[in-house]
Q: 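What follows is a single structure, and I will ask about it in a moment.
We're numbering straight along the sequence, starting at 1.
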Amino acid sequence: ENLPIGLESRKIEEFLIYHGQVAFFNDENLGNMCLPCYSTNDLNVYYEPTRVNVIGHKYNRSFDIDDVVLIRNNATSDNDIDDLRTFATRINEIELTQDINLNGQKTPYIILCDEKERLTFKNIINEVRKFKYAIFGSKGLKTNNIDVLDTSSPFILDKLQVQKKELFNELLSFLGINSNAVEKKERVLVDEVNANNEFILVNLQHMFEERKKAVELINAKFGTNIIVSKREVEGIGELHDRDFGTDT
């Protein structure tokens with residue numbers, strides 16, 4: 001909140017996701033700005049940068065570290081895009097596998113028979129497709145020289161869907177978003193929920209603290225009144241017993 005005119009929180013977050021850190025600084029002509037930055041080879045004894053290069057569209061400047069305030073995505077200034085791409089790739093592979101498995105359910109049988117008996121067996125298959133409870137054939141029909149190749153695949157769409165949901169929930173937890181989409185209350189233990197919530201809180205707090213610390217430095221250095229807070233989702237409410245279809 002209270003960002004200087006021209007700065008948007010969505011853009012700052014986008015830069016942090018892709019680059020891991022940004023620099024807040026004052027340009028003599030453009031005013032307060034916030035852009036991705038990269039450390040130069042000028043390091044202090046703790047390997048911290050003493051200068052940074054700030055890069056934007058048709059904008060490239062070098063600043064002393066004392067002239068900027070770094071906003072880090074996390075304590076190590078790592079970006080999120082690499083992890084997001086990994087999750088996206090894994091989810092995409094599951095969906096591709098689902099398509100393959102679904103297509104495999106309609107793969108036909110391959111029947112190898114003599115050419116002169118081909119029409120006979122086609123008629124038999126047609127009778128099966130018509131849901132005939134009995135199929136009649138002549139005694140002269142030879143069935144001992146027939147080979148049938150089953151090219152169907154086992155149905156695993158349901159298992160893949162569960163795996164995809166678990167992977168997506170893992171992604172949300174990684175981003176600090178609570179993903180406790182409980183299907184059946186009796187299958188969830190209090191300790192499991194608490195452990196998951198603690199993991200989510202750690203991830204969220206890890207990113208939030210870096211932003212909070214940077215905002216305090218920015219306000220002190222540039223005279224701004226920026227406020228950073230955790231985004232809350234409204235309208236969810238608490239889950240009650242009736243939400244699970246139970247009487248207890």
Side-chain angles (χ1 to χ4, degrees), residues 10 13-14 17-18 79-193 195-197 199-200 203 233 235-237 239-248:
R10 68 171 185 87
E13 289 297 329
E14 179 183 334
I17 289 173
Y18 276 91
N79 63 38
D80 290 329
I81 191 62
D82 294 334
D83 294 306
L84 293 177
R85 283 172 175 156
T86 298
F87 275 108
T89 298
R90 294 173 63 188
I91 292 174
N92 183 60
E93 287 177 349
I94 292 177
E95 293 183 341
L96 290 175
T97 305
Q98 286 179 307
D99 291 340
I100 293 173
N101 186 247
L102 180 61
N103 188 65
Q105 305 310 306
K106 57 184 180 182
T107 303
Y109 291 95
I110 299 177
I111 301 176
L112 306 178
C113 61
D114 293 335
E115 184 64 26
K116 59 184 179 181
E117 298 173 337
R118 181 176 179 180
L119 180 59
T120 300
F121 285 107
K122 287 181 66 175
N123 291 333
I124 292 176
I125 294 300
N126 288 333
E127 292 294 301
V128 173
R129 294 179 62 184
K130 295 177 182 178
F131 300 97
K132 297 292 184 178
Y133 66 90
I135 299 175
F136 300 92
S138 64
K139 290 184 177 182
L141 181 64
K142 298 179 181 181
T143 59
N144 56 338
N145 293 326
I146 301 173
D147 289 327
V148 179
L149 303 180
D150 185 1
T151 60
S152 62
S153 60
F155 183 85
I156 58 173
L157 280 174
D158 51 347
K159 296 179 180 179
L160 291 171
Q161 186 65 20
V162 171
Q163 177 65 19
K164 184 173 71 171
K165 182 182 295 185
E166 291 180 353
L167 186 59
F168 188 73
N169 287 340
E170 182 182 346
L171 166 61
L172 294 178
S173 298
F174 166 76
L175 294 174
I177 301 174
N178 198 324
S179 57
N180 281 331
V182 182
E183 295 180 0
K184 292 187 178 180
K185 186 177 181 180
E186 62 271 17
R187 290 166 52 183
V188 180
L189 301 178
V190 174
D191 289 341
E192 292 177 351
V193 174
N196 185 61
N197 288 342
F199 175 73
I200 294 170
N203 287 342
V233 179
I236 299 299
L239 293 177
H240 301 282
D241 291 331
R242 64 177 180 271
D243 296 320
F244 299 96
T246 61
D247 297 327
T248 58

Q: Within this structure, what is the CD1-CD1 distance for the pair I81 and I17, rounded to the nearest 0.5 Å?
A: 7.0 Å
Q: Going by side-chain hydrogen bond (donor to acceptor under 3.5 Å, both in side chains), name the residues that satisfy it together with D80, two or more places apart in sequence or in a different chain.
A: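 Once residues adjacent in sequence are excluded, the partners of D80 under the side-chain hydrogen bond (donor to acceptor under 3.5 Å, both in side chains) criterion are N73.
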Q: Can you find a pair of side-chain heavy atoms, one from L171 and one from I177, that are under 4.5 Å apart?
A: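 Not touching, per the 4.5 Å side-chain cut-off.
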Q: Can a donor-acceptor pair be found, under 3.5 Å and without considering hydrogens, that links the side chain of D147 to the backbone of L112?
A: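 Looks like no, no N/O pair under 3.5 Å.
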Q: Output all residues satisfying side-chain contact (heavy atoms from CB on, under 4.5 Å) with T97, sequence neighbours left out; order by chain, then residue number.
A: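 If we apply the side-chain contact (heavy atoms from CB on, under 4.5 Å) test to T97, skipping adjacent residues, the hits are L160.
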Q: What distance separates I111 CD1 from R118 CZ, expressed to the nearest 0.5 Å?
A: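 If I round to the nearest 0.5 Å, the distance is 11.0 Å.
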Q: Checking E166 now: which residues fulfil salt bridge (charged side-chain N to carboxylate O under 4.0 Å, His left out) with it, not counting sequence neighbours?
A: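 Residues passing salt bridge (charged side-chain N to carboxylate O under 4.0 Å, His left out) with E166: none at all.
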Q: Can you tell whether the side chains of R10 and E13 come within less than 4.0 Å, N to carboxylate O?
A: no
Q: For I124, what residues pass the side-chain contact (heavy atoms from CB on, under 4.5 Å) criterion, not counting sequence neighbours?
A: T120, F121, I135, L141
Q: In terms of heavy-atom contacts, does CZ of F174 have more than 12 from other residues, nucleotides or ligands at under 6.0 Å?
A: yes
Q: For E127, give me all partners under salt bridge (charged side-chain N to carboxylate O under 4.0 Å, His left out), at least two apart in sequence or on another chain.
A: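 Testing E127 for salt bridge (charged side-chain N to carboxylate O under 4.0 Å, His left out), a comparison that skips the adjacent residues, returns none.
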Q: Tell me the salt bridge (Lys or Arg N to Asp or Glu O under 4.0 Å) pairs involving residues 151-163, sequence neighbours left out?
A: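 Of all non-adjacent pairs touching residues 151-163, none passes salt bridge (Lys or Arg N to Asp or Glu O under 4.0 Å).
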Q: Would you compute the distance between atom CD1 of I94 and atom CD of Q163 and round it to the nearest 0.5 angstrom?
A: 4.5 Å
Q: Hey, does the side chain of N103 reach the backbone of D99 with a donor-acceptor pair shorter than 3.5 angstrom?
A: no
Q: Which pairs count as side chain to side chain donor-acceptor pair (under 3.5 Å) when at least one residue sits in residues 82-94, sequence neighbours excluded?
A: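 Qualifying pairs: none.
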Q: Going by side-chain hydrogen bond (donor to acceptor under 3.5 Å, both in side chains), name the residues that satisfy it together with Q161, two or more places apart in sequence or in a different chain.
A: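 Expected list: Q98.
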Q: Taking the side chain from N203 and the backbone from S173, do they hold a donor-acceptor pair closer than 3.5 Å?
A: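 Confirmed, N203 side chain pairs with S173 backbone.
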Q: Keeping Q105 on the side-chain end and S153 on the backbone end, is there a donor-acceptor pair under 3.5 Å?
A: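 Confirmed, Q105 side chain pairs with S153 backbone.
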Q: Any non-hydrogen side-chain atom of E170 less than 4.5 Å from a side-chain atom of L167?
A: yes
Q: Y18 versus N79: any side-chain heavy-atom pair under 4.5 Å?
A: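 The answer is no; the side chains never approach within 4.5 Å.
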Q: Using side-chain contact (heavy atoms from CB on, under 4.5 Å) as the criterion, list what pairs up with L102, not counting sequence neighbours.
A: L157
